[in-house]
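What follows is a set of notes on a single structure, which appears directly below.
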Amino acid sequence: MNTLLLGRYYPGESILHRLDPRAKLVGGFYLIFLLLLATNWRAYVLLWIFTLTIMWLSGVKFSVYYRGVKPLIWLITFTVFLQVLFTAGGTIYVEWGIITISSYGLVNGVYIFCRFIMIVFVSTIVTLTTRPIDLTDAINYLLRPLNKLKVPVDEISLMLTIALRFVPTLLEETQKVMDAQRSRGTVFGKGSIVIQMKTLVPIFIPLFSSSLERAEQLANAMEVKGYQSGKKRTTFRKLSWKKKDTWCLFILVFITILLIILPS
Amino acid sequence: MEIQFEGVSADYQLGPIRRKSILDTVNLHIQKGSFTAVLGHAGAGKTSLIKAMNGLLIPHTGKVKIDGITIEEDTRQLICKKVGMVFQFPESQLFAETVEKDICFGPLNFGVALQEAKTIAKKVIQQVGLSENILGNSPFSLSGGQKRRVAIAGILAMEPEVLVLDEPGAGLDQNGKKELFTLLTDLNQHHHITIVMVTHDMNDVIDYADNVVIMENGKVVKHCNVRNTFSNLELLDKWSLDLPDVLSLQMKIEKEIGRKLSMKCFTVEELSEAIIAADII
Amino acid sequence: MKGKANMSEAVVKVENICFQYDKRGDRVIHDVSFQVKKGEWVSVIGDNGSGKSTIAKLLVGLVQHTSGQIYINQIKMDDNTIWSIRQHIGMVWQNPDNQFIGTTVEDDVAFSLENLNMSYAEMKERVNHSLQLVGISKLSRMDPSLLSGGQKQKVALAGVLALHPQLIILDEAFVMLDPKSRNSIIRILQELKKKEKLTIISITHDMAEAASADRIIQLRTGKVNFDGAPKDYFDNVCDWEVPVADRLRRLLITKGKELPRNFMTEAELVKWFGNSI
């Protein structure tokens, strides 16, 4: 239940949920890459069909996706607006100084709007259907080659894993400290910015202090359990690549081919 | 300070997590000056019950009244002062640069003048058994037991009429517990502060409380004096409650000798008398 | 490291160790010596400041003794041997959260095995077996934030057992638990100790737990004040520090009844009542 808060993981049993997180991560990035390259209406239609299909396959209600894009809608609209006003080409409808509203600009505006919305949807699909810990494992696997460049991938991955594990604990602790200070007369969320910042001090300091203590105790526990940074170790958590994950990549290749052969 | 619950039901909300009916139609009357222990299995609603007593949890149905005043959004602040709440491991709420500043935090929030707050700090630090010298130290330099006492002093500084505590003895050794409960008993008997305490330790209940409230699944299933709590042992088992050490020993002895003693014993003294009276040895 | 722990050899041998946090500081541990044999449950007790918590840290090398020797399984502890020594010691700390590293229960139990570079198959087998020993197999895929303190400590114990350790150290491991969870875990440990001949050192201030140990070591201001059987310890201790059963025995004696004159555990007292009627 608590994982619902971070990365907005939405538990489920859909085909998307059951895909290997590496496939989803690579697939998601690749799809966004394709979106950035699409230049004609046929490409966008194809990509829309594909995106909506996988959204449907994820088993998550559209309202959740909508909620994910809502906070960004103004930013996207603003960017689109700028595009429309400052791009000229084709039939010109309005001209006023440097501002031009043209057919080319309008069409481009629509494309960019679609592009942004779909990028948000695609990223949302990945985070909704993948547990944060699986994402971390996928990132760890994909960044492994960096080990050759002396980047401590495994250490960073372990740090991320432990941080994720403690998010619900920290949330609970924050709530507890807030309750305690409320009981001593603090009122949160009222007054000027300065006053509101001040009320956060009795929250941050205890949390900071307990986090330091926690870090020390965890480090001791890890040391006694034999953890040595840099030493080779096996992993209990396993990612298993299945046929459907390969199919997922094939489908992406197929889409790419379709996009290439589509007339402009 | 009387605490009254009238048909109270409440849900739990933390972000998107919602649990329904953590309090379910609670009707309860806690007498002024009593020392009440709140018992029940994990998740029974004990912490929610005490949170409702100081306005941290406002029910969606029913009313909680402290001395006749209903707890609502606008009376919350006032109630906070009257009903002091000590959370589990209260030392985790310490934050100020000095012990004195931390203790004064509460009173200052309620509009008490700085000089008066400092006077109160001197008084309460001694009440919890620490010396005035500690007022200038950083709370983070103290031992665990001292930190806990400073945290409690911070609540006492608001001069509450009711003290609500969530497992006050958690993590303390025998000595520490004894000192803490001596303080609570003193506050209850000499300063007439009503005490409500959530606990899992039956021995503390026997030794210090006069009343017991038992909760199960958000409902109050029993409210009686301490002795009557143990009148029906099967029910206790159903509510996942332990027996106090002396009673548990008595039952083991009774099982071994194949007969029951004249009464249920809660202190070693009582048990010794019952054994002598039964002429077993 | 193959420690030959035959019956007469000590699993732990501490000789004249001293420890202080810095050169100018006070000696926290002053010339402490003791031994622990295979299969013994030793309770280390003492007030706050007696040094009992430091002993646990010294035994796993989290801090280094400034003089004297520590032998675990006849291997002398020093910079070269500490990591291989740790492979045979399992430790459970006080705070259930601050030693729970894994993202799920079985993940956490496997952590120390991962550090040994163990194969997946062997890890899986050991994890399942340990969870079973402690009785929490059903919780194997649970997120720690959904567990109670008692359940988390059971996971910590399973993690220790998965190592097949020669020595288990409990550093006030039950202090933050409610009485029910505490008794449940102590019972599990006592049963396992009998079955698997575990060697346990428990830093504690729970007198009832100390009363049922094989031996008590009491520390006072960094020195060993007592090292022997619980019976001998409790016979010389005042009334309120003694477990309930013995308090009853003493009280009945003062009231003129004939009862054995030395310390009795609860089980012994109950049996005695049974025999006297």
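Proteins come first, then strands; the chains are lettered A, B, ... in the order of their sequence lines, and each starts at number 1.
For the set C/Leu113, C/Val60, C/Ile82, C/Asp107, the entry with the most heavy-atom pairs within less than 4.5 Å of chain A is C/Asp107. Among the candidates A/Arg237, A/Lys238, A/Gln228, A/Met222, the residue making the largest number of heavy-atom pairs closer than 4.5 Å to chain C is A/Gln228.
Remark: C/Glu125 CD is loosely packed, at most 12 non-hydrogen atoms of other residues, nucleotides or ligands lying under 6.0 Å away. Within a 6.0 Å radius of OH in A/Tyr141, no more than 12 heavy atoms belonging to other residues, nucleotides or ligands are found. Heavy atoms from other residues, nucleotides or ligands lying under 6.0 Å from CZ of A/Phe29 number 12 at most. Within 6.0 Å of CH2 in A/Trp56 there are 12 or fewer heavy atoms belonging to other residues, nucleotides or ligands. Enclosure of atom NZ in A/Lys61 is not indicated, since only 12 or fewer non-hydrogen atoms of other residues, nucleotides or ligands lie within 6.0 angstrom. Counting non-hydrogen atoms of other residues, nucleotides and ligands closer than 6.0 Å to CZ of A/Phe116 gives a total of 12 or fewer. Within 6.0 Å of CZ in A/Arg131 there are 12 or fewer heavy atoms belonging to other residues, nucleotides or ligands. For CD of C/Gln64, the number of neighbouring non-hydrogen atoms (other residues, nucleotides, ligands) closer than 6.0 Å is 12 at most.
Within the model, atoms CZ of C/Phe111 and CZ of A/Phe236 stand 14.0 Å from one another, a figure rounded to the nearest 0.5 Å. For the atom pair C/Ser112 OG and A/Tyr227 OH, the distance stands at 14.0 Å (nearest 0.5 Å). The structure places OG1 of A/Thr235 at 6.5 Å from CE of C/Met123, a figure rounded to the nearest 0.5 Å.
Chain C is approached within less than 4.5 Å, heavy atom to heavy atom, by A/Arg214, A/Gln217, A/Leu218, A/Asn220, A/Ala221 from residues 207-221 of chain A, ordered by number. Contacts between residues 91-103 of chain C and chain A, counted as heavy-atom pairs separated by less than 4.5 Å, involve C/Met91, C/Trp93, C/Asn95, C/Asp97, C/Asn98, C/Gln99, C/Phe100, C/Ile101, C/Gly102, C/Thr103.
Exactly one residue among A/Arg233, A/Lys225, A/Lys232 makes a salt bridge (Lys or Arg N to Asp or Glu O under 4.0 Å) with C/Glu114. That residue is A/Arg233.
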List the steps, then state whether side-chain contact (heavy atoms from CB on, under 4.5 Å) holds for A/Glu223 with C/Trp83.
-> CA-CA 9 Å; A/Glu223 191 175 328; C/Trp83 288 103; 3.6 Å; yes
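Looking at C/Tyr120, the atoms closer than 4.5 Å to chain A (heavy atoms on both sides) all sit in the side chain, from C-beta outward.
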